[in-house]
2 protein chains.
Amino acid sequence: MEHQHVTALKEAGMKATPKRLAILEALNGLSCYASPEELWKQLRARFDRLGLPTVYRNLEELAESGVITKVIHPNRQLYYYFCHNRDHHHHFVCLSCRKVEDVPSCGIEAMAEVVQQQSGGRVLSHILQLNGVCGSCLRSGAPQ
Amino acid sequence: MEHQHVTALKEAGMKATPKRLAILEALNGLSCYASPEELWKQLRARFDRLGLPTVYRNLEELAESGVITKVIHPNRQLYYYFCHNRDHHHHFVCLSCRKVEDVPSCGIEAMAEVVQQQSGGRVLSHILQLNGVCGSCLRSGAPQ
DNA sequence: TCCTAAATAGAAATGAATTCGTTTTAGAAT
DNA sequence: ATTCTAAAACGAATTCATTTCTATTTAGGA
């Protein structure tokens, strides 16, 4: 279990520090997404010295390297989720209980309908946004 | 032109105040998304008294009623865009020049490919997130 | 066991966004 | 045209999630 996470970190080129591992374990033990502060409060019980910036930094780095997933929330806070699904997919996140359900990549309207029927939940809104650099910027050598 | 916006506001059940109209006009005059503060700075030249909270409030209300579109940005700032496309669609937003291109709703992978080829740009990442309430929350009467 | 780049602490700063009590105003009613 | 009232705006002050900074510690290769 734990060694598996050590390996995941090594593969991502990150040192397997106790605190980094603990953050990963804590997320792994949750079935929902969590905020940096929540994880910090939970982990402070185990580490007498643990800075909140350390939690922020690690979560961001872990998300950056693809080990965990960042959740975009309407309240504009940061949340993270440990998703084991290695296939390309998307998420149905519950704004109420924070549960995360995997959604295969497909037509978004049909997707919303299927998710609603399969989960018994209600899709209130969706975010679909492609980020990148447009053609004219690419040609003008604007920052990537 | 302007009367068209007055009508749009009335239809949304909002008073057509000069400042609200000006905010809408300012967004309409842009071919890209803008931040509340940018719009505020631009409009302060025309109104000796214009509070930044007023801009924030109006943009949020206009987005809420569907008159304008909120852009979700990796830098976590708020941006808004005046989109005239009434059909259901999504957006390809350029992180560099802020240009917004409409994207029809379809399979997201194929979509990214089509957008890249048609725009000559580069899709670096995408956000696809369904927000809502899951089945168990619905059944337990959790907040919508 | 060294050594060094990476990681952490923790106080302080940041700054986008919001709150709040007051004042003003759009637009319906008269 | 005038009155009235709920909606809108003001703007200083505040909030608070997130980040920065410099000194200190540590993981893990040599």
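So that the names make sense, note that chain A is the first sequence line, chain B the second, and so on, each numbered from 1.
Between B:His73 and B:Tyr79, the two ring planes are tilted [angle within 30° to 60°]. By the 30° and 60° cut-offs, the orientation of the rings of B:His5 relative to B:Phe82 is tilted.
Which of C:dG10, D:dA9, D:dG11 sits closest to the side chain of A:Arg49 comes down to C:dG10. Checking D:dT18, D:dC10, D:dA17 against the side-chain heavy atoms of A:Glu37 singles out D:dA17 as nearest. When the nucleotides D:dA12, D:dA9, C:dA9 are ranked by their closest atom to the side chain of B:Pro53, D:dA12 comes out on top. Counting only heavy atoms from C-beta on, A:Lys15 has its side chain closest to C:dA5 among C:dA5, C:dT8, D:dA8. Each of D:dA9, C:dA16, C:dA7 was ranked by its minimum atom distance to the side chain of A:Thr17; first place goes to C:dA7. Of the candidates D:dG28, C:dG27, C:dT8, D:dG28 carries the atom nearest the A:Lys10 side chain, counting heavy atoms from C-beta on. Which of D:dA9, D:dA8, C:dA7 sits closest to the side chain of B:Met14 comes down to D:dA8. For B:Ala16, counting side-chain heavy atoms from C-beta on, the closest listed nucleotide (D:dA9, C:dG27, D:dT18) is C:dG27.
In this structure, B:Asn58 and B:Lys19 have side chains that are not in contact, with every pair of non-hydrogen atoms separated by 4.5 Å or more.
Neither OP1 nor OP2 of C:dT18 sits under 4.0 Å from any side-chain N or O of B:Arg57.
Terminal axes of the helix from C:dT1-D:dA30 to C:dT30-D:dA1 (five pairs each, C1' rotation axis) are separated by 40°, to the nearest 10°.
Of the residues in residues 65-83 of chain B, those placing a heavy atom less than 4.0 Å from an atom of DNA chain C are B:Arg76, B:Gln77, B:Leu78, in numerical order.
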